[in-house]
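Every chain is numbered from 1 and lettered A, B, ... according to where its sequence line falls, protein lines coming before strand lines.
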Protein chains: 2
Amino acid sequence: MTDQLKRQVTLDEVAERAGVSRSAASRVINNAPHVSKAKRDAVQRAVNDLGYVPNATARALATQQVGAVVLAISSDNPQVFTDPFFADVAVGVNSVLEETELELILQLATSTRGQTRLEQVLRTRQADGVMLMSMHGDDPLAQIAEDSDVPVVFGGTPANFEPRYYVDADNRGGARLATEHLVATGRTRIATITGRMDEGAGTARYRGYQDALAVAGLDASRVVYGDFSEEGGGRAMEQLLAEHPDLDAVFVGSDQMAIGAMRVLKDAGRTIPGDVAVVGFNDVVLARHTEPPLSTVSQPIQSLGREMARMLLALIAGESPTPLILPTRLVRRASS
Amino acid sequence: MTDQLKRQVTLDEVAERAGVSRSAASRVINNAPHVSKAKRDAVQRAVNDLGYVPNATARALATQQVGAVVLAISSDNPQVFTDPFFADVAVGVNSVLEETELELILQLATSTRGQTRLEQVLRTRQADGVMLMSMHGDDPLAQIAEDSDVPVVFGGTPANFEPRYYVDADNRGGARLATEHLVATGRTRIATITGRMDEGAGTARYRGYQDALAVAGLDASRVVYGDFSEEGGGRAMEQLLAEHPDLDAVFVGSDQMAIGAMRVLKDAGRTIPGDVAVVGFNDVVLARHTEPPLSTVSQPIQSLGREMARMLLALIAGESPTPLILPTRLVRRASS
DNA sequence: GAAGAAACTGGGAGCGCTTCCAGTGAAGGT
DNA sequence: ACCTTCACTGGAAGCGCTCCCAGTTTCTTC
C-alpha cells in the first residue's frame with residue numbers, strides 16, 4: 001500500500017485523449033449504437049493506452065443497479081456454512097455468475113447483525129438480487145424476502161411456506177425412493193429419523209417415507225424427530241431402539257444423522273445391514289467412507305446452485321421463471 | 001418484483017423533514033461533530049420515521065471507498081472451493097467482518113474470466129482489500145497482488161515467494177511433529193507423499209518431514225510427489241510400495257491423499273497401523289471416520305480465516321501488521 | 001439539388017452522498 | 001464594551017458515469 005495511489009483513469013481522460021466527448025466514449029464502452037467507426041476506434045485505442053477500467057461504483061450510482069447479487073444463508077448456527085453442502089452450492093452459483101458481470105456477495109446471516117444487514121439489503125435494494133438458503137419455517141426473513149422489491153430466489157423451501165420463486169431438490173420423491181428400496185429388499189418394520197420439521201427438507205422427506213409405506217401397506221409409526229446433526233441422529237436412534245426394538249430398517253433424513261445412528265446401532269450390537277438396514281440422504285463425501293458405506297439419496301447440489309443463479313438472472317431480466325424441482329436418485333451402497 | 005419500485009428514501013428527504021441542511025443530516029448519520037443536540041435529535045427522529053438507510057453506492061462514490069473486501073481463491077480447478085477447508089476459512093473471515101460494515105465478496109477465480117476480474121480488482125481498486133488463497137507458485141496473480149495498491153493478505157504462501165502480509169499455518173512444524181511421532185513409535189523406514197510442490201504447504205510439509213528424520217538420523221529418501229488429491233495419493237502410494245516395499249510408515253501431505261493411500265495399502269494386504277503407520281495433514285472431518293481413524297495434523301482453519309480478516313482490517317486502517325503463523329498440533333488416532 | 005430521414009455528437013443534468021469552506025452567532029477573556 | 005475563539009450551519013462542489021435531448025451531419029430518394 002504505497003501512498004502514491006495513482007489516481008484512477010477516468011472516462012473523461014479517455015474521452016479527451018480520443019478527442020471525443022465523454023458521452024461518445026461512454027457509448028463505445030457500453031457498446032451502444034450511434035458512434036462512428038472512427039471515433040469508436042479512437043476510443044478503443046485510448047482505453048488500451050490508458051488501461052482504462054470503468055469505475056463500477058460510479059456506474060452503479062448512475063444506472064441504479066448494484067452489479068452484485070447476494071447468496072445468503074440464514075441460520076442461528078454460525079457453523080452452518082461449514083456444511084459442505086453450501087460450498088457446493090456456491091461453486092454452482094459461481095459457475096453461472098462467472099459468465100456475467102455480477103459480483104457474488106456472501107451473507108452468512110448468522111447473528112442478529114447479519115440478519116439485520118440482510119434485511120436492509122432486501123428492503124433498500126442494496127443488491128440486484130438475492131439467493132436465500134436454509135430458511136427455517138418461522139424465520140421472519142422469509143416473508144420479508146417474499147415482499148421485497150428485489151428479486152429473490154429461495155434455495156429449498158421453508159416448511160409451511162411456498163415462495164414464489166425457488167429451486168429445490170425432490171426431497172419427497174427421494175425419500176420415497178429410499179423407503180421403497182427398503183421395502184423391496186424385504187424390510188417390514190421400517191423406522192425413520194426425520195430432519196428438522198421446520199425446514200421444508202425435513203417435512204418433505206418424512207412425507208416421502210409415509211408415501212412409500214402407505215403404498216406398501218406397512219406401518220409408518222416408527223418415527224422420531226431429529227435435527228439434522230450427527231449427535232441428534234445418535235440420540236434419535238437410541239430412542240427408536242428403545243421404543244421399537246423390533247425395527248429392521250431405518251430411513252434417516254440426512255447422512256450426518258445416519259452416521260450418528262449407525263454408531264449407536266453398532267454399539268447396541270446390531271449389524272448393518274444384517275439386523276437393520278440404513279439409508280441416509282444427501283450423499284455427502286463421508287457417506288462413501290463409513291463402515292459400511294452408506295446407502296443414500298443423492299441430490300445434484302451444484303446444479304441446485306447453478307439453477308438458483310440462472311433463475312435469479314431471469315428474474316433480474318424481468319422474466320417470470322417457474323419454480324424448479326431437481327431430481328434425486330438412490331445411491332445404493334453396503335448399508336442396505 | 002413489482003413495478004412500483006418505491007423510490008428509496010434519500011438524505012435530502014431526511015434533512016427536509018428534520019428541518020436541517022443535508023450537510024447537517026449527513027453529519028449526524030456518520031456521527032461527526034459540529035451538530036447541535038437539537039438537530040441531532042431531529043435528524044434521528046426523521047431517520048426512524050422515514051426508515052432511512054444510506055445508499056451504499058452513493059457513499060462509496062463520495063468517499064472513494066468500496067465498502068467491500070474480497071476473498072479470492074485462485075486456482076485452475078473449478079472444484080477447489082468444494083474442499084471443506086475453504087468453507088471453514090470463509091466462516092472465520094465472516095465472523096470478524098460481521099463486526100464491521102464491510103461486505104464479503106467471493107471470487108472463485110477459477111477460469112480465465114475470473115482471473116481477469118480479480119486482476120482488475122487488484123489494479124483498479126474495486127475493493128477495499130483482498131484476501132488471497134491457494135496460490136500456486138507460478139500464479140502471476142501473486143506478483144500482481146503484491147504490487148497492488150489495494151491491501152492484500154495472503155492465506156498460506158506460494159512456494160518460492162514470501163508475501164509481505166500473510167497468515168499461514170505452521171506446516172513445517174506440524175509435519176515435523178507428525179514425523180517425530182512416527183519415529184517415537186519405533187518406525188524406522190518412514191516414507192512421505194508430498195503435496196503439490198508449487199504450493200507453500202506442499203514444500204513446507206516436506207521440509208518438516210526432512211527435519212525430523214535428519215534429527216533422528218534416519219533415511220529421508222522414500223519420497224514421492226503427490227498433488228493433494230485422493231487419487232493422486234493412491235497413485236503415489238502404489239509407486240512408493242513398488243520402490244520401497246520395506247517401508248513401515250508414511251507421512252502423507254494431506255488427509256485426502258492419505259485416504260487414497262490407505263486404500264491402496266489395504267488392497268496391497270498391508271495392515272494399518274500394524275504393517276505401516278499412516279498420518280495425514282489437515283484433520284478434515286473425514287479423518288475421524290476412516291477405517292482405521294486417521295492420525296493427522298490439525299490446523300486452526302477458522303482462526304486462519306479470522307486472522308486473515310483481522311490483518312486485512314489492520315492494513316486498511318493503515319497499520320503494518322506482521323505475518324502470522326498459526327500453530328498446528330498432532331491428533332493421534334488409530335492409524336499410527 | 002432539395003427535402004426528409006437517419007445517423008451522429010456533445011452538452012448537461014442528474015444518481016445520493018461527503019466534505020470543504022465561508023459565514024453566523026454565542027461564549028469567553030481582558 | 002471589544003476582540004478572540006470556536007462550535008455550528010448550509011451552500012456548493014464534486015465522486016465517475018449514464019443518458020436524455022437538441023443540434024449537426026450525412027445519406028436517401030425523387
Kindly write out the residues that satisfy salt bridge (Lys or Arg N to Asp or Glu O under 4.0 Å) with [X], not counting sequence neighbours, or none if the list is empty.
X: B:Glu119; value: B:Arg123
X: B:Asp138; value: none
X: B:Arg27; value: none
X: B:Arg310; value: B:Glu307

Inter- and intrachain pairs under salt bridge (Lys or Arg N to Asp or Glu O under 4.0 Å), touching [range], at least two apart:
range: residues 71-97 of chain A; value: none
range: residues 53-66 of chain A; value: none
range: residues 45-54 of chain B; value: B:Arg17-B:Asp49
range: residues 60-69 of chain B; value: none

Could you run through nucleotides 7-14 of chain C and give me one letter per nucleotide, 5' to 3': B if any protein heavy atom sits under 4.0 Å from the base, S if only the sugar-phosphate is that close, - if neither?
-SBBBBBB
Round to a whole Å and report the spacing from [atom1] of [X] to [atom2] of [N].
X: A:Glu16; N: D:dG16; atom1: CD; atom2: C1'; answer: 15 Å
X: B:Arg125; N: D:dG16; atom1: CZ; atom2: C1'; answer: 16 Å
X: A:Ile29; N: D:dC19; atom1: CD1; atom2: C1'; answer: 15 Å
X: A:Asn30; N: D:dC17; atom1: CG; atom2: C1'; answer: 9 Å
X: B:Asp41; N: D:dC8; atom1: CG; atom2: P; answer: 13 Å
X: A:Leu61; N: C:dC15; atom1: CG; atom2: C1'; answer: 4 Å
X: A:Arg59; N: D:dC15; atom1: CZ; atom2: C1'; answer: 16 Å

Short side-chain to backbone donor-acceptor contact, A:Thr157 and A:Gly200, under 3.5 Å
no
Could you tell me whether the side chain of A:Asp128 and the main chain of A:Gly67 form a donor-acceptor pair under 3.5 Å?
yes
Can you confirm whether A:Pro323 sits close enough to A:Asp168 that some side-chain heavy atom of one is under 4.5 Å from a side-chain heavy atom of the other?
no
Would you say B:Leu132 and B:Leu118 make side-chain contact, with heavy atoms under 4.5 Å?
yes
Angle by which the axis turns from one end of the helix from C:dG1-D:dC30 to C:dT30-D:dA1 to the other, five pairs per end, to 10 degrees:
30°
Hey, what's the ring geometry for B:Phe81 with A:Phe81, parallel, tilted or perpendicular (30° and 60° as the breaks)?
tilted
Where does the angle between the aromatic ring planes of B:Phe154 and B:Phe161 fall among parallel (under 30°), tilted (30 to 60°) and perpendicular (over 60°)?
tilted
Every protein N/O lying under 3.5 Å from an N/O of nucleotides 22-28 of chain C:
none

Kindly state which residues belonging to residues 46-57 of chain A come within less than 4.0 angstrom of DNA chain D, counting heavy atoms of the residue only, listed by number.
A:Tyr52, A:Pro54, A:Asn55
Under 4.0 angstrom between A:Thr63 side-chain N/O and D:dT18 OP1 or OP2:
no
Any side-chain N or O of A:Gln64 under 4.0 Å from OP1/OP2 of C:dG16?
yes
